[in-house]
Amino acid sequence: MEDMGGASVQAHQALAADAQPPPGARGLIPDGRHLLDEDTFTENFRSDNRPPRTYLCYEVERPDRGSGVPLDQDKGILRNKSAPGPEVPCHAESRLLEQIQSWDLGPKLHYRVTCFLSWSPCTDCAQDMAQFLKESSHVSLSLFASRLYTRGHYDEGLRTLKRAGASMAIMTSREFEHCWTAFEHHKGNPFQPWPGLAMESGKFSEKLQRIPRLEQPGAGRPCWAGSVGASPEWFRAKAGRRWGLGGGGLGGLRSRGGGGFPKAKPLRRMEPWRHRPRDPMGWISPETFFFHFPSLRYAFGRNSCYLCFQVEREGKGHSSYDWGVFQNKVYFEAPYHAEFCFLSWFCDQDLSPDEHYHVTWFLSWSPCPTCAEEVVRFLREYRNVTLSIFTARLYYFWRPDFQDGLYRLWSAGVHLDVMSFEDYEYCWDTFVDHNGMRFRSRDLLRDNDFLATELESILRTTMNPLQQEIFFYQFGNQPRAPKPYHRRKTYLCYQLKPHDGSVTAKACLQNKKKRHAEIRFIDSIMALKLEKDRRFEITCYVTWSPCPTCAKELVAFARKHSHISLRLFASRLYFHWLQENKQGLKQLHASGIPVAVMSSLEFEDCWREFVDNQGKPFQPWNKLEQYSKNITRRLRKILKQPPQNDLENEFRNLHL
DNA sequence: ATTTTCAAT
Ligand SMILES: [Zn+2]
């Protein structure tokens, strides 16, 4: 800047160094020193553009004329110089500092510099400017940025700059108009705000204000000559609706290498802030968090679901990070669960098969079976995506179909867990508009232990599908348990269908917490709240016939729910020589619950419906039929039935 | 606390 070129010449040099448009062809008006042409202004300052370069328009207010600022430099336009050649790259802000330092300023006088930047300063520039301000008490600096440049530790930079006394704000239409008038070769055309200006500007303002400890008490919005302290056009997003504002990065995950050059479009090509109806929002309010995220067993009134997500993207030699929040919503009158919103947004991103994506969800409700199915399908298709789900509460956790959904997620390799204290803290720090407030768990963890145990037992004992070895061992009808010896426990596989429809629910249950599988089965069916005026049929396959207590419970269940007809097939008879047990079986029969012994037909069906059979056909074990016949003979004796007859064959064929 | 529910699972 030692030459006498002035701002426009420097900018020309910058353009030349860029080797992009030939000097003078675009950008600055050749004979209008301090003016930008209309296209350049629009391209660089419109906040919905994201060009990989920075323009800086500055004005200096001097106490008097001739106080050290060269006449033609009290106002100027600078842009960064990128460095394809040997030159060291230089941000526009550095060039401004160099320029100011080249002036012969009177140390007793006061100078006010106002800058309008197309991108806010990067970390390094902000630090440099802060340093400069500390050394130059006779200069004050006001910055207006069209957009926040959010790479690296930009927030620290801005904080430092602010502490050094600079004032900072996002440009509103007032500032754009001022720039238009002062720096733009507008040929007399009035400034036309573009659609969405106020919103874009407001979003960046919010983001700027959210930088912790940025605002100093009493520090207001900066003024530039002529702004007369008019109230700025703060954009206020609708309550609870904020959109993510890319870049940056959060605790522990922020991208490194701040000050990369040139100021390029942020690495992430995912842009959740583009506002389409299914796009995510940014932060949620503390109220939302404390209402929607506590781990409660009885969660009254939580009629919606929040999904806070982060996406860690790892590619060759680079990685990036994205985050946001989804809420379930109705879109063209159709409801979409939050999970679905995420998936549809994510699949819309510019994904590369060469990169790996690790997705983490923090959910207020765990996924429903439909969403679980959707997720499983998604993971099958996107092999380079892994998913972790931390859920605050379990959605309909007592219902077998919902349990099954969770089990399927888990089987598909999803890391699934109930949110822990640390997860809550992380969510607070990352997704909540906490305004610097420290995390307090308050009631968030109230039923956390219960839910964690519940999930664990769902994943452990909701065995859908059954593993092959377990099926063979547990359902085997050998008189003695084959070696190596394991205890043969009760497994109950049930299949429910409406009389005139196809299967609507099925699951395999074990005893749990001293509740026999049969009782859990009754619980499961009750939880479905089946319509009373419709007829249903349930087939159960059990490894052991019911104990007397369970038999009684089943009888009571059948009496109470006459619209449900129930059939039982047992592989083996449980302590059938005991009078009590015999009695139970008789009672079942007497109350319209037929009990029969599983034959190869039933084993085959059980294999097909409940076992992770990997498409293989059922292979009967040695003497299966013979054992089955022996047990059948025993049962008939108990039930005082005549030997095998056609009636029984019909019964078997009826439901299969 | 046998009832909580991405409001219509
Ligand atoms: Zn769902």
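Each chain gets a letter, A, B and so on, in the order its sequence line appears, and its residues count up from 1. Quick caveat: nothing in here was measured; it's all calculated off a predicted structure.
- When the side chain to side chain donor-acceptor pair (under 3.5 Å) test is applied to A/Asn448, no partner is found at least two apart in sequence or on another chain.
- Two rings, from A/Tyr336 and A/Phe326, have their centers 6.0 Å or more apart.
- Residue A/Pro369 is classed as having no contact, given no heavy-atom separation below 4.0 Å to the nucleic acid.
- Computed from coordinates, the A/Phe397 CZ to B/dT4 C1' distance equals 8 Å when rounded to whole Å.
- Put simply, the side chain of A/Gln327 and the base of B/dC6 share no donor and acceptor less than 3.5 Å apart.
- At a threshold of 4.0 Å, the pair A/Arg608-A/Asp605 counts as salt-bridged, since one of the basic side-chain nitrogens sits closer than that to a carboxylate oxygen.
- Taking the side chain to side chain donor-acceptor pair (under 3.5 Å) definition, one finds that A/Glu287 meets it with A/Ser285, sequence neighbours left out.
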Atom pairs, protein N/O to nucleotides 7-9 of chain B N/O, distance under 3.5 Å:
from: B/dA7; atom 1: OP1; to: A/Asn328; atom 2: ND2; distance (Å): 3.4
from: B/dA7; atom 1: OP2; to: A/Asn328; atom 2: ND2; distance (Å): 2.6
from: B/dT9; atom 1: O3'; to: A/Tyr396; atom 2: OH; distance (Å): 3.3
from: B/dT9; atom 1: O2; to: A/Arg399; atom 2: NH2; distance (Å): 3.3
from: B/dT9; atom 1: O4; to: A/Thr370; atom 2: OG1; distance (Å): 3.4

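- Outside the 6.0 Å centre-distance limit, the rings of A/Trp428 and A/Phe362 are not counted as a close aromatic pair.
- Across the protein-nucleic acid pair, A/Met526 atom CE and B/dT4 atom P stand 15 Å apart, rounded to whole Å.
- For the pair A/His292 NE2 and B/dT4 P, the interatomic distance rounds to 17 Å; values are reported in whole Å.
- Spacing of C1' atoms, B/dT9 relative to B/dT4, comes out at 14 Å, to the nearest Å.
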Pairwise N/O distances under 3.5 Å, protein to nucleotides 1-3 of chain B:
from: B/dT3; atom 1: O2; to: A/Tyr298; atom 2: OH; distance (Å): 3.4

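- Note: CG (A/Leu296) to P (B/dT4) measures 13 Å, nearest angstrom.
- Of the options A/Phe293, A/Tyr306, A/Tyr395, a ring pair (Phe, Tyr, Trp, His ring centres under 6.0 Å) to A/Trp365 is made by A/Tyr395 and by none of the others.
- Here A/Arg297 pairs with nothing under the side chain to side chain donor-acceptor pair (under 3.5 Å) rule; sequence neighbours left out.
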Show the atom names and distances, to 0.1 Å, of all donor-acceptor pairs under 3.5 Å that link a side chain in residues 377-393 of chain A to residues at least two apart or in another chain.
from: A/Arg377; atom 1: NH2; to: A/Glu374; atom 2: OE1; distance (Å): 3.0
from: A/Asn384; atom 1: ND2; to: A/Ser352; atom 2: O; distance (Å): 3.1
from: A/Asn384; atom 1: ND2; to: A/Glu355; atom 2: O; distance (Å): 2.8
from: A/Thr386; atom 1: OG1; to: A/His356; atom 2: NE2; distance (Å): 3.2
from: A/Thr386; atom 1: OG1; to: A/His358; atom 2: ND1; distance (Å): 2.5
from: A/Ser388; atom 1: OG; to: A/His358; atom 2: NE2; distance (Å): 3.0
from: A/Thr391; atom 1: OG1; to: A/Ser366; atom 2: N; distance (Å): 3.1
from: A/Thr391; atom 1: OG1; to: A/Arg393; atom 2: O; distance (Å): 2.7
from: A/Arg393; atom 1: NH1; to: A/His292; atom 2: O; distance (Å): 2.9
from: A/Arg393; atom 1: NH1; to: A/Pro294; atom 2: O; distance (Å): 2.9
from: A/Arg393; atom 1: NH2; to: A/His292; atom 2: O; distance (Å): 3.2

